[in-house]
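Hydrogens, waters and symmetry mates play no part in the numbers below; they use all other heavy atoms, side chains included. What you are looking at is a predicted structure, and each value in this text was computed from that prediction instead of being measured. In listed order, ligands and their atoms are each counted from 1.
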Amino acid sequence: MDRKRTSILISGRGSNMAALIAAAAEPSFPAEIVSVISNDAEANGLKMAAQNGIPTRAIAYKDYSSREEHDAAIDAALGESGSELVCLAGYMRRLTPGFVEKWSGRMINIHPALLPAFKGLYTHAAALAAGVRIHGCTVHFVTAEVDAGPIIAQAAVPVLADDDEAGIAARVLKAEHRLYPLALSLVASGRAVLRGGRVMHYGRNSGDTGDVLISPAPPSTEPDTVDLEYLARFTP
Ligand code: GAR
């Protein structure tokens with residue numbers, strides 16, 4: 001099988017990176033992780049990648065005189081590793097339009113919210129403030145506009161009544177670790193493709209799973225446990 005050579009760009013902790021590395025350790029996974037690049041030499045994820053035998057590079061912005069030069073250095077490193085796909089995993093720098101254009105359709109990002117809601121930073125605080133009952137994460141192709149690229153896959157989690165920011169962040173992060181490997185496998189195997197600004201899904205994953213996530217969870221619909229008081233609220 002032709003496994004797509006994939007690099008991961010990080011800025012810090014690297015837990016999504018670790019999820020991708022773990023998934024790609026499986027020989028049947030359609031992508032192999034060939035390098036991890038960080039804009040911060042101290043990023044914890046770099047150590048974790050090295051421990052897993054993945055070549056790492058630190059390419060710090062301060063060593064370059066412009067954003068274009070910095071991105072050109074990253075692009076050169078991607079070229080040296082023969083990368084065909086790029087995963088942004090907590091990469092916290094804006095990329096230049098030229099770099100984004102060059103990797104169009106081949107660069108994906110994970111965002112901790114159900115886009116197009118809650119773009120940018122502090123997504124969990126924003127979700128709590130908005131009072132949404134369902135929150136989640138999105139993997140999308142990267143385009144020039146931040147957090148606005150065509151959506152590949154999303155995972156939803158409930159927001160519970162007593163959630164604080166840390167609680168909801170942990171629940172979303174767990175979902176991220178499941179979603180990102182799935183989304184990378186869709187792209188690497190050609191089952192999710194960017195065409196004319198939209199994501200086309202091919203094969204088994206284009207189907208409707210039939211699942212519905214409702215939050216808060218309604219009372220059980222088993223006949224003997226129907227919550228009549230609850231149902232009465234919907235009776236005209
Ligand atoms: C993740 O929650 C990711 O979705 C988010 O940063 C975190 C990185 O954690 N990314 C963004 O906010 C990008 N706009 P990690 O380093 O442990 O994967």
Side-chain angles (χ1 to χ4, degrees), residues 6-25 31 33 35-52 54 56-61 67 71 74 85-97 99-100 103 107-130 132 134-157 159 163-185 187:
T6 303
S7 285
I8 306 174
L9 266 57
I10 62 167
S11 294
R13 181 174 58 183
S15 70
N16 277 289
M17 173 212 76
L20 294 176
I21 290 174
I33 309 304
S35 82
V36 170
I37 299 171
S38 173
N39 62 314
D40 179 357
E42 301 303 316
N44 194 50
L46 282 182
K47 296 180 203 106
M48 222 194 301
Q51 280 161 9
N52 281 276
I54 311 284
T56 63
R57 290 278 296 269
I59 302 178
Y61 176 65
R67 291 173 60 219
D71 283 0
I74 293 171
L85 294 175
V86 176
C87 292
L88 306 183
Y91 186 69
M92 301 313 265
R93 284 195 65 84
R94 284 190 68 158
L95 294 160
T96 50
F99 183 91
V100 169
W103 287 94
M107 178 159 61
I108 65 179
N109 177 50
I110 188 152
H111 181 76
L114 288 172
L115 291 171
F118 312 128
K119 296 175 180 173
L121 299 173
Y122 312 113
T123 56
H124 306 313
L128 285 175
V132 295
I134 294 175
H135 186 37
C137 51
T138 303
V139 177
H140 62 93
F141 282 106
V142 178
T143 54
E145 195 184 333
V146 174
D147 299 334
I151 291 168
I152 299 162
Q154 294 183 303
V157 300
V159 178
D163 267 339
D164 58 10
E165 210 178 317
I168 191 71
R171 194 174 307 118
V172 171
L173 192 65
K174 246 175 112 173
E176 291 185 45
H177 298 162
R178 285 180 61 186
L179 183 71
Y180 213 174
L182 167 73
L184 174 58
S185 79
V187 173

(message) Give the atom numbers and elements of ligand 1 that come within less than 4.0 Å of a heavy atom of S15.
(response) 15 (P), 16 (O), 17 (O), 18 (O)
(request) Around atom 10 (N) of ligand 1, find the nearest protein heavy atom and jot down its residue, atom name and distance. (result) I110 O, 3.7 Å
(request) Mark the output for I10 as yes if a heavy-atom distance to ligand 1 is under 4.0 Å, and as no if none is. (result) no
(message) Can a donor-acceptor pair be found, under 3.5 Å and without considering hydrogens, that links the side chain of D71 to the backbone of F99?
(response) no
(request) For L95 and M107, run side-chain contact (heavy atoms from CB on, under 4.5 Å): C-alpha distance rounded to whole Å, both residues' side-chain angles, the deciding distance at 0.1 Å, then the answer. (result) CA-CA 11 Å; L95 294 160; M107 178 159 61; 3.9 Å; yes
(message) My understanding is that we take every heavy atom of each candidate and find the minimum distance to atom 11 (C) of ligand 1. Doing that for S38, G45, A18, P112, which one comes out nearest?
(response) P112
(message) Quick check on contacts: which atoms of ligand 1 are under 4.0 angstrom from a heavy atom of R13?
(response) 9 (O), 15 (P), 16 (O), 17 (O)
(message) Starting from atom 14 (N) of ligand 1, what is the nearest protein heavy atom, named by residue and atom, and what distance separates them?
(response) H111 ND1, 3.8 Å
(request) List the steps and the verdict of side-chain contact (heavy atoms from CB on, under 4.5 Å) for S35 and I37. (result) CA-CA 6 Å; S35 82; I37 299 171; 4.1 Å; yes
(message) Checking side-chain hydrogen bond (donor to acceptor under 3.5 Å, both in side chains) between T138 and each of E176, K119, H111, Q154, which is the one that passes?
(response) Q154
(message) Do N39 and S11 pair up side chain to side chain, a donor and an acceptor below 3.5 Å, judged on atom types alone?
(response) yes
(request) Starting from atom 8 (C) of ligand 1, locate the nearest protein heavy atom and write down its residue, its atom name and how far away it is, to 0.1 Å. (result) G90 CA, 3.6 Å
(message) Heavy atom to atom 16 (O) of ligand 1, shortest distance: which of A113, A43, G14 holds it?
(response) G14
(request) Please report the C-alpha distance between I10 and V36 in whole Å, then the side-chain angles of each, then the deciding distance to 0.1 Å, and finally whether the side-chain contact (heavy atoms from CB on, under 4.5 Å) criterion is met. (result) CA-CA 7 Å; I10 62 167; V36 170; 3.9 Å; yes
(request) Give the residue, atom name and distance (to 0.1 Å) of the protein heavy atom nearest atom 3 (C) of ligand 1. (result) E176 OE1, 3.3 Å
(request) Apply side-chain contact (heavy atoms from CB on, under 4.5 Å) to the pair I8 and I54, showing each step before the final yes or no. (result) CA-CA 10 Å; I8 306 174; I54 311 284; over 6 Å; no
